[in-house]
Amino acid sequence: MLDMKYLRQNPAEAAQRLADRGVDAGQVTALLNADEARRAAIQEVETLKAQRNEVTDKIAFAKRNKEDASEAIAEMQAVGARIKELDAKQAELDAQVADIAAHLPNMAHESVPVGADEEANVEQRQWEPADYQGRPAAHTQAPAWLKPHFEIGENLGILDFERGAKVSGSRFLYYVGDGARLERAVYNFMLDQHAEEGYVEMITPIVVNNEAMYGTGQYPKFEDDAYRVEGLDQTYIPTAEVPLTNYYREEIIDADKLPISVTAISPSFRKEAGSAGKDTRGLIRLHQFNKVEMVKFAKPEQSYAELEKMTANAENILQKLGLPYHVIALSTGDMGFSAAKTYDLEVWLPAENKYREISSVSNTESFQARRARIQYRDDNGKLQFVHTLNGSGLAVGRTVAAILENYQNEDGSVTIPEVLRPYFGKAKIEA
RNA sequence: GGAGCUAUGGCAGAGUGGUAAUGCAGCGGACUCGAAAUCCGCCGAGCCGUCUUAGCGGCGGUGCGCGGGUUCAAAUCCCGCUGGCUCCUCCA
């Protein structure tokens, strides 16, 4: 949710900043017009209400003195009826303003590259492990024996997509044996890392109510991609960002506790509406996948430093796993709905010979906090909206895919990265 | 699934139709070497609108879990819903 006062006072600037996010200027005009009509209606009805309050006081006074007040009462009956009409009209205008506003995305931070799509994204840095441990190096011509992760997984009997499709549908799978163990090793490693970095681990509900989905910005605009529970005011989460961020919904957080960092592993459910035909094989695009999520609540003056820290926390996982990656700053046109600034981490998948997104780290500033009403008291005791941040740390399935591809050997076996061995129990997966 | 109770500020808590008490906490002061205790004072309700501003503030509206209704007037009466607690039933 954007700050209505800012929009009113800086309509041209706001329209430009939203145009950078792909919003048609007509929407801003429509919002401001609706807002003006709403305020006019408020003034009209409030004048009448003030009059009613005044007369009502007189009636109360007259009754106490046993005087006759029937004339004033009759007059107020008519005023009351008129107030009821105007209240209804105002409620309609309120809903109109709220509806338009709820569909407007956040505005980008000034440091975000302006552009229409991913072409305008800007690479920040690349990282590769110094020691390849005999693995195929990133950016080099892949040897002929190199296989995509889903073939490796099927050959080793650790990923079963066919039975996933049989039992659930396309884009579902079973992890079997060492595959299941590897998935579990990866997210346990991630959670332990984040715990060391000061994140408080949580196990959250994975079904949330619609108010929560609205709070983080998934609703009302992106309902089509969500798994709703039939007949109930509930949805299977598309990311643990939703329950983690909504933890403090409608609360005032003690300022001394900020910044607060939390993390959780959870399954994430996405219908992937509009992705038909894309990434149909493997672990890249599923209807259900595990993800370790990081969320922070910060004061406005802290939030961009925390964004850099959170990005470093996600990078740390990839570095410890020895997976090549790069960091890109998303352009205004490529960022998600709620974000003011986003860094994507993309991991190197040698079989595809390209980088694929494995983490997205965003500062939403006060956009989500305004929707979810998460506040703190500043030094003057005034209520302020916190800034909320979220980032994957990391998508677990995609990490498993990256490990299988980057650590595969010519004989079809896969070496387990050193840091995972305490969790996995052995050094290699073999047929 | 059934029954009863319940929801008021950061917290506790009064208020059964006519201006939402009070206490704790918080802030300032006195006392003290300092602190605690005590005493005095202040502040303390979110949201919307508007004026003045640009440090604040004034005025109006609304606001007592949420949504409706009755009434000149609702925290208070009526209806519906949600959350919490207790009991019954069931259950990993």
Side-chain angles (χ1 to χ4, degrees), chain A residues 1-11 31-102 203-215 219 228-229 231-235 243 246-258 260 297 299 366 369-386:
Chain A
M1 185 67 58
L2 298 169
D3 182 355
M4 207 55 225
K5 275 189 191 131
Y6 169 82
L7 290 179
R8 250 181 245 151
Q9 286 164 8
N10 310 280
L31 177 60
L32 289 173
N33 287 344
D35 177 59
E36 202 174 318
R38 170 181 169 271
R39 286 184 292 145
I42 286 173
Q43 287 186 50
E44 191 181 359
V45 71
E46 286 192 351
T47 305
L48 280 182
K49 283 181 177 175
Q51 186 196 341
R52 180 177 67 182
N53 287 342
E54 201 180 315
V55 176
T56 292
D57 281 350
K58 282 183 187 155
I59 292 170
F61 184 79
K63 292 231 170 190
R64 269 198 297 275
N65 292 317
K66 313 271 192 223
E67 290 165 14
D68 178 51
S70 53
E71 194 178 318
I73 289 175
E75 185 193 342
M76 282 308 101
Q77 279 176 341
V79 171
R82 179 70 182 140
I83 286 174
K84 201 167 180 178
E85 284 171 33
L86 291 172
D87 267 345
K89 181 179 153 196
Q90 190 208 323
E92 216 170 284
L93 290 166
D94 281 349
Q96 227 178 75
V97 171
D99 183 61
I100 301 172
I203 294 175
T204 75
I206 61 173
V207 175
V208 299
N209 59 31
N210 294 341
E211 180 71 17
M213 292 290 278
Y214 174 85
Y219 284 0
R228 300 189 72 137
V229 181
L232 290 179
D233 171 34
Q234 288 174 330
T235 301
N246 279 280
Y247 184 76
Y248 287 113
R249 190 174 80 216
E250 292 162 66
E251 290 192 30
I252 298 164
I253 302 177
D254 186 352
D256 297 337
K257 296 205 170 92
L258 297 172
I260 294 172
F297 305 85
K299 296 180 191 174
S366 60
R370 213 175 278 284
R371 288 175 162 243
R373 295 179 302 289
I374 306 171
Q375 296 166 293
Y376 74 101
R377 284 190 197 279
D378 66 18
D379 294 340
N380 298 319
K382 295 193 72 171
L383 288 176
Q384 305 284 352
F385 291 109
V386 302

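Chain naming here is simple, since letters A, B, ... match the order of the sequence lines and numbering starts at 1 in each. Everything numeric in this text was worked out from a predicted model, so none of it was measured.
Checking the phosphate oxygens (OP1, OP2) of B/U70, a side-chain nitrogen or oxygen of A/K84 falls inside 4.0 Å. A close approach under 4.0 Å does occur between a side-chain nitrogen or oxygen of A/R377 and OP1 or OP2 of B/G10. Dashed line: the shortest gap from a side-chain N or O of A/R8 to OP1 or OP2 of B/C48 is not under 4.0 Å. At B/G61, none of the side-chain N or O atoms of A/R52 fall inside 4.0 Å of OP1 or OP2 (strictly under the cut-off). Under 4.0 angstrom from either OP1 or OP2 of B/G61 there lies at least one side-chain N or O belonging to A/N53.
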Between A/R52 and A/T56, does the side chain to side chain donor-acceptor pair (under 3.5 Å) criterion hold? Intermediate values first, please. CA-CA 6 Å; A/R52 180 177 67 182; A/T56 292; 5.4 Å; no
Carefully, step by step, assess A/E85 and A/R82 under the rule salt bridge (Lys or Arg N to Asp or Glu O under 4.0 Å).
CA-CA 5 Å; A/E85 284 171 33; A/R82 179 70 182 140; 3.0 Å; yes
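Separating the P atom of B/A20 from that of B/A74 is a span of 12 Å, rounded to the nearest Å. Using atom P as the reference point in both B/C72 and B/G57, the two lie 39 Å apart (nearest Å). Between B/U76 and B/U19, the two C1' atoms lie 15 Å apart (nearest whole Å). Taking atom C1' in both B/G55 and B/G83, the straight-line distance is 42 Å, to the nearest Å. With both ends at atom C1', the span from B/G65 to B/U71 equals 23 Å, rounded to whole Å. Taking the C1' atom of each, B/A14 and B/A75 are spaced 12 Å apart, rounded to whole Å. Taking the P atom of each, B/G15 and B/U6 are spaced 12 Å apart, rounded to whole Å. Rounded to whole Å, the C1' atom of B/C48 lies 30 Å from the corresponding atom of B/U16.
Taken from CZ in A/R377 to CG in A/D256, the straight-line distance is 13.0 Å, to the nearest 0.5 Å. Here the straight-line distance linking atom CD of A/Q90 with atom CZ of A/R38 works out to 6.5 Å at 0.5 Å rounding. In this structure, A/E54 CD and A/I59 CD1 are separated by 11.5 Å, a value rounded to the nearest 0.5 Å. Atom CD of A/Q51 and atom CG of A/N53 lie 10.0 Å apart (nearest 0.5 Å). With rounding to the nearest 0.5 angstrom, the NZ atom of A/K299 is 11.5 Å from the CD1 atom of A/I253. Between the OH atom in A/Y247 and the CZ atom in A/F297 there is a gap of 9.5 Å [rounded to 0.5 Å].
Residues A/R249 and A/I374 come closest through the heavy atom pair CA-CG1, 3.9 Å. Scanning both residues, A/P11 and A/L32, for their nearest heavy atoms gives CB-CD1, 3.6 Å.
In this structure, A/K5 and A/V45 both approach RNA chain B, and ranking their closest nucleotides by distance from the 5' end singles out A/K5. Place A/Q375 and A/I252 on RNA chain B by their nearest nucleotides, and A/I252 ends up nearer the 5' end.
With respect to A/Y219, the side-chain contact (heavy atoms from CB on, under 4.5 Å) criterion is satisfied by exactly one of A/E211, A/R228, A/R371: A/R228.
A straight line from CG of A/D87 to P of B/A74 spans 11 Å, rounded to a whole angstrom. Atom CD of A/E250 is separated from atom P of B/G46 by 16 Å (rounded to the nearest Å). Residue A/E54 contributes atom CD, which lies 9 Å from atom P of B/G61 at whole-angstrom precision. With rounding to whole Å, A/L232 atom CG is found 14 Å from B/U82 atom C1'. Spacing between atom CZ of A/F385 and atom C1' of B/C47 amounts to 10 Å, rounded to whole angstrom units. One can place CZ of A/R373 at 19 Å from P of B/A45, the figure rounded to the nearest angstrom. To the nearest angstrom, P of B/C47 lies 18 Å from CZ of A/R39. Atom CG of A/L93 and atom C1' of B/G49 are 14 Å apart (whole Å).
Donor-acceptor pairing under 3.5 Å, judged by distance alone, is present between the side chain of A/E46 and the base of B/G60.
The backbone N or O of A/N210 sits less than 3.5 Å from a side-chain atom of A/D233, completing a donor-acceptor pair.
Nucleic acid contact for A/I59: base, since at least one base atom lies under 4.0 Å from a heavy atom of the residue. Heavy atoms of A/R38 sit under 4.0 angstrom from primed sugar atoms or phosphate atoms, though from no base atom.
Each of B/U62, B/G60, B/U70 was ranked by its minimum atom distance to the side chain of A/A50; first place goes to B/G60. Distances from the side chain of A/T56 to the nucleotides B/G18, B/U62, B/U50 place B/G18 closest.
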Annotated structure of RNA chain B as dot-bracket, pair cut-off 3.5 Å, Watson-Crick or G-U only, | for inter-strand, is ((((((((.[[[..)..(...]]].(((((.......)))))...((((((.....))))))..[[[[[..)....]]]]])))))))....
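Within residues 73-83 of chain A, the residues having any heavy atom closer than 4.0 Å to RNA chain B are, in order of number, A/I73, A/M76, A/Q77.
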